[in-house]
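Residue numbers start from 1 in every chain, and the chains themselves are labelled A, B, ... in the order their sequence lines are given, proteins ahead of strands.
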There are 2 protein chains.
Amino acid sequence: MTPRPDARRRLLDAADELFAVQGCAATPVDQVLTRAGVAPATLYAHFGSKTGLQAAVLDARLARWDTTWAAAVDAAPDDRGRLLAVFDALAEFARGEAASRWCAFLDAAAGAPADDPTATAAITADTALLRARLTELAGPVAGDRAAELAEQLLVVVSGTLAMHLRPGGSLATGRATAEALLR
Amino acid sequence: MTPRPDARRRLLDAADELFAVQGCAATPVDQVLTRAGVAPATLYAHFGSKTGLQAAVLDARLARWDTTWAAAVDAAPDDRGRLLAVFDALAEFARGEAASRWCAFLDAAAGAPADDPTATAAITADTALLRARLTELAGPVAGDRAAELAEQLLVVVSGTLAMHLRPGGSLATGRATAEALLR
DNA sequence: GTCTATACCGGGATAGAC
DNA sequence: GTCTATCCCGGTATAGAC
């Protein structure tokens, strides 16, 4: 009824929070609509489908993750710190308003059928960013074994995220694992 | 029509395979019924609900994982090998008839709401087994830092499983990460 | 573009006979 | 305990007015 300003933005914000906290599959469209204060038809006019909304949400989230991570890298004092800055960035992201349950990209990949194009695109882009920047930052620390180290750190980062689903998991343990790997 | 022998077993087998490959949430009950060659009412007579079936499936799967892992530990030549045997066991499990997409327990935890009792019980039991045995096996290798090392290996194991959802993930990289951690 | 109201469908679960 | 047939709800998506 009330002509809300930028329904699109409100939808993206509401969906981002709910998807991050509950998981996309576990979040009914109605809940997004209620939180955004928007009517169903508006959602479909903008995004075409729930999947389309999810794609837009993940796209925006990847951009924010990119920015947050880059800032954490810039703030680090030395090469080793820059390589470990991914954990600072994870902490920063976790501190954000609604703490993600684990990882929106892994959630998309886990929740969708294996060949789902939206989920595949999202997890591929996220993984590519992680791999590329970790490899780049590993250069000064590991030299010609940068790619190898980056791959191992990718396992540790993914494991840190997955540990959010298990009892007793902590970001600190993930960081400690990465630090041990650098010795 | 045909009085199938042990419908219960057939249901468990069918569900285990389908849940492992596709994820539980992504698998309709109908598909389980079709594969098992069993009627809907039979499923509900035995397990009460899809959730009940899932609980039984995860219970059986944990028991098999326990056995497989223990056998891999026994087959290892030395203390270090026994600690890394968890990756041999993962390989053995992955080689099983229908290769799991990633991990049935993490899948249950990721697919259900955060406070779902069935998923919580499953992921808790799985995590407890991993933690306990890793700690025990880390003893001869790490002495009084066994708990710390076990916790880090738990991150690496979880990360190895999560990497199944990303492009370019491999069990070998997970094992290499764990080996690097032992140096 | 946005709203109200509704159509449509997939999926979990049940009724009742055998 | 097992079968056939069916119910019923939640959830996505659309129709049509404003």
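Note: CG (Leu33(A)) to C1' (dA5(C)) measures 14 Å, nearest angstrom. The nearest whole Å value for the distance from the CZ atom in Arg8(A) to the C1' atom in dT2(C) is 15 Å. In this structure, Leu43(A) atom CG and dG1(C) atom P are separated by 15 Å, rounded to whole Å. Taking atom NE2 of residue His46(A) and atom C1' of nucleotide dT2(C), one finds them 8 Å apart after rounding to whole Å. Here the C1' atom of nucleotide dG1(C) and the CG atom of Leu11(A) are 12 Å apart, to the nearest Å. Atom CG in Asp30(B) sits about 13 Å away from atom C1' in dC9(C), given to the nearest Å. The separation between Gln31(A) atom CD and dG11(D) atom P is 9 Å, rounded to whole Å.
The Ala41(A) side chain lies nearest to dT4(C) when the options are dT4(C), dT2(C), dT2(D). Closest to the side chain of Pro40(B), out of dA13(C), dT2(D), dC3(D), is dA13(C). In the set dT2(C), dT2(D), dT12(D), the nucleotide with an atom closest to the side chain of Val29(A) is dT12(D).
Within the structure, side-chain hydrogen bond (donor to acceptor under 3.5 Å, both in side chains) contacts touching residues 79-88 of chain B (residues at least two apart or in different chains) are Asp79(B)-Arg82(B), Asp88(B)-Arg175(B). A side-chain hydrogen bond (donor to acceptor under 3.5 Å, both in side chains) check over residues 107-118 of chain A, counting only residues at least two apart or in different chains, returns nothing. Judged as a ring pair (Phe, Tyr, Trp, His ring centres under 6.0 Å), not a single pair has a partner in residues 7-61 of chain B (not counting sequence neighbours). Applying the ring pair (Phe, Tyr, Trp, His ring centres under 6.0 Å) test to residues at least two apart or on different chains, the pairs with a partner in residues 49-85 of chain A are Trp65(A)-Trp69(A), Trp65(A)-Phe93(A).
Under the 3.5 Å distance criterion, the side-chain polar atoms of Arg101(B) are matched with a main-chain donor or acceptor of Ala110(A).
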Please list, one pair per line, the donor and acceptor atoms closer than 3.5 Å that link side chains of residues 54-61 of chain B to other protein atoms, with sequence neighbours excluded.
residue: Arg61(B); atom: NE; partner: Asp16(B); partner atom: OD1; Å: 2.9
residue: Arg61(B); atom: NH1; partner: Ser100(B); partner atom: OG; Å: 3.3
residue: Arg61(B); atom: NH2; partner: Asp16(B); partner atom: OD2; Å: 3.3

Give every donor-acceptor pair under 3.5 Å between a side-chain atom in residues 23-32 of chain A and any protein atom, sequence neighbours left out.
residue: Thr27(A); atom: OG1; partner: Gln22(A); partner atom: OE1; Å: 3.0
residue: Thr27(A); atom: OG1; partner: Gly23(A); partner atom: O; Å: 2.7

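Residues passing the side-chain hydrogen bond (donor to acceptor under 3.5 Å, both in side chains) test with Ser49(B): none are found, sequence neighbours excluded.
Listed in residue order, the members of residues 47-60 of chain A having a heavy atom less than 4.0 Å from DNA chain D are Ser49(A), Lys50(A). For the segment residues 20-27 of chain B, no residue has any heavy atom less than 4.0 angstrom from an atom of DNA chain D.
Between Arg166(A) and Leu106(B), some side-chain heavy-atom pair lies under the 4.5 Å cut-off.
When the side-chain nitrogen and oxygen atoms of Tyr44(A) are compared with OP1 and OP2 of dA13(D), one or more of them lie within a distance under 4.0 Å.
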